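Below is one structure, written out as structure tokens, with a few remarks after it.
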Amino acid sequence: MRSHLKARTRLVLTGTAVVAAIGLLAGCTGGGAEEGDVVDQGTTTEENAESGDTVVIGFSGPAADHGWLGAINSGAQAAADSFDDVELRVAEGTNDPIAQIAAVETFVNEGVDAIVLLPSDGAALTEAAIAAMEAGIPVINVDREFSSPFAARATVLGDNYGMGVSAGTYICEQLDGNSDAVVAEIAGIDSLPLTQDRSQGFADALEDCGLEVSARVAADFTVAGGESAASQLLAANPQIDAIWNHDDDQGIGVLAAIDSAGRDEFFMVGGAGSRSAMEAIEADDSVLKATIIYPSTQAADGVALARLIAQGKTMGDLITPGIPNRIVLDAPVVTKDNVDQYIDLSFE
């Protein structure tokens with residue numbers, strides 16, 4: 001079993017892909033490319049890394065009220081700092097769509113060369129993004145999608161459904177042969193599409209190996225919420241074989257509840273890829289044995305793409321010239337065996 005999910009493919013650019021992939025991205029310098037421009041092919045890593053005309057990029061994201069969002073913001077600045085031909089203008093982080101719309105309008109009035117936007121609300125920011133695009137400023141949409149394809153030149157997304165698939169597939173592999181296994185799920189905020197996508201991917205992967213979610217609770221992406229939800233789950237289920245917790249920040253509370261209950265008969269898989277989770281996996285001294293990456297490098301990737309688009313460059317390892325309109329990043333499983341490959345990409 002699991003044949004159709006194991007064969008499932010995604011456009012895979014790992015967390016460092018586009019930033020480190022200035023190595024893959026090549027082309028000529030100059031102003032922003034217009035539709036229909038011919039872009040040179042056959043360029044090299046070295047040519048792509050060469051400085052071009054200075055690109056002014058506006059960046060706006062939500063308030064950094066979660067470790068992952070903090071890493072998004074710092075990653076965007078670090079990516080800009082890595083290029084000597086990029087000037088990044090950062091709007092104050094906000095969860096107020098009206099304030100973020102004002103930030104985008106300011107960028108347009110300033111005549112920036114590109115805008116990287118992680119919207120607090122994709123639908124609410126769509127019209128502002130369309131206005132920027134109509135003003136000739138390419139918009140790179142990060143993480144939360146706009147409601148119109150005309151609002152962005154390129155979109156960089158994590159794979160929420162793929163996270164669920166990765167978590168479910170790993171658990172299936174670890175429980176191979178145990179058809180009566182009790183699998184539990186601690187979700188994030190149930191009303192969010194991202195949570196729904198993660199849960200659907202998880203259920204689909206488990207179904208593919210003959211398992212199902214036996215017990216499920218939802219938290220709220222906070223430490224306190226994770227502890228409360230996990231306590232409820234553990235009290236209601238005296239025997240559990242595996243748990244998938246959607247988010248490593250709330251996972252701190254989940255692990256606290258597990259320690260308080262004195263339970264260790266199961267293994268746990270986390271989600272997102274925090275440093276604390278990876279250090280616990282590396283130490284191998286708790287029930288946490290794996291986590292699923294949801295890249296906090298998406299805005300950094302967006303900055304790198306914005307530079308390429310504004311300078312008329314292309315992705316040199318693709319046969320077709322130009323920059324893809326949509327990039328969905330991979331959701332790999334991090335275990336003790338490969339944590340050294342990912343821990344430098346983790347967030348605090």
Side-chain angles (χ1 to χ4, degrees), residues 5 8-21 59-62 64-76 78-79 93 116-122 125 139-147 152 154-170 187-189 192-202 204-205 221 244-251 269-275 277-278 290-306 324-334 341-348:
L5 284 177
R8 178 175 176 267
T9 59
R10 299 183 288 271
L11 175 56
V12 176
L13 292 178
T14 60
T16 53
V18 181
V19 173
F59 171 67
S60 176
D65 53 8
H66 183 281
W68 186 88
L69 288 171
I72 279 282
N73 294 342
S74 61
V116 177
L117 183 59
L118 196 166
S120 55
D121 182 317
L125 269 292
V139 175
I140 291 78
N141 181 200
V142 175
D143 186 50
R144 302 172 187 174
E145 287 190 88
F146 299 130
S147 56
T155 300
V156 182
L157 300 172
D159 191 352
N160 285 296
Y161 179 84
M163 285 184 71
V165 170
S166 293
T169 300
Y170 175 80
I189 300 172
L192 296 180
L194 69 88
T195 298
Q196 296 161 18
D197 287 345
R198 291 179 187 184
S199 289
Q200 187 61 59
F202 189 52
D204 288 348
F221 297 123
W244 181 39
N245 165 58
H246 285 206
D247 179 75
D248 287 334
D249 269 13
Q250 75 182 22
V269 179
S274 74
R275 175 151 308 250
M278 291 200 197
T291 189
I292 313 300
I293 295 289
Y294 189 76
S296 60
T297 52
Q298 292 177 55
D301 293 341
V303 169
L305 285 175
N325 291 327
R326 183 181 177 86
I327 295 173
V328 180
L329 303 175
D330 194 22
V333 180
V334 178
Q341 300 174 33
Y342 294 98
I343 195 164
D344 287 343
L345 298 175
S346 62
F347 61 89
E348 297 292 344

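Given the structure is predicted, the values throughout are model-derived calculations rather than measurements. FYI, side chains are in, hydrogens and waters are out, and symmetry mates aren't considered; it's all heavy atoms of this structure.
- Distance alone, capped at 3.5 Å, is enough to place a donor-acceptor pair between the S274 side chain and the A277 backbone.
- Between Y342 and T291 there is no side-chain heavy-atom pair separated by less than 4.5 Å.
- Scanning both residues, D159 and V328, for their nearest heavy atoms gives CB-CG1, 3.7 Å.
- How far OG of S346 is from CH2 of W68: 14.5 Å, rounded to the nearest 0.5 Å.
- Judged by distance alone, the side chain of S74 and the main-chain N or O of A71 form a donor-acceptor pair under 3.5 Å.
- Here the closest non-hydrogen pair linking P295 and G158 is CD-CA, 4.5 Å.
- One finds the NE2 atom of H246 at 6.5 Å from the OG1 atom of T195 (value rounded to the nearest 0.5 Å).
- Between the OG1 atom in T155 and the CD atom in E145 there is a gap of 6.0 Å [rounded to 0.5 Å].
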side-chain contact (heavy atoms from CB on, under 4.5 Å) evaluation trace for F347 with I72 | CA-CA 9 Å; F347 61 89; I72 279 282; over 6 Å; no

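- Between W244 and V269, the shortest heavy-atom contact is CD1-O, 3.1 Å.
- Taking 4.5 Å as the limit, some side-chain heavy atom of V156 sits within range of a side-chain heavy atom of L329.
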So R144 and L118, side-chain contact (heavy atoms from CB on, under 4.5 Å) or not? Walk me through it.
-> CA-CA 6 Å; R144 302 172 187 174; L118 196 166; 3.9 Å; yes

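- Between the CZ atom in F202 and the OG1 atom in T169 there is a gap of 10.0 Å [rounded to 0.5 Å].
- The side chain to side chain contact (heavy atoms under 4.5 Å, CB included) with L117 is formed by just one residue from the set N141, I140, L125, D143; it is L125.
- For I293 against M278, the heavy-atom pair with the smallest separation is CD1-CE, 3.4 Å.
- Between the side chains of D247 and Y294, no donor-acceptor pair of N or O atoms lies under 3.5 Å.
- When atom types are taken as modelled, the side chain of Q250 and the backbone of A187 share a donor-acceptor pair closer than 3.5 angstrom.
- Looking at every heavy atom in both residues, Q298 comes nearest to V142 through CB-CG1, 3.5 Å.
- For the atom pair CD1 of I292 and CG of D248, the computed distance is 9.5 Å after rounding to the nearest 0.5 Å.
- Contact record, I189 with F221: N-CE1, 3.6 Å, taken as the closest heavy-atom pair.
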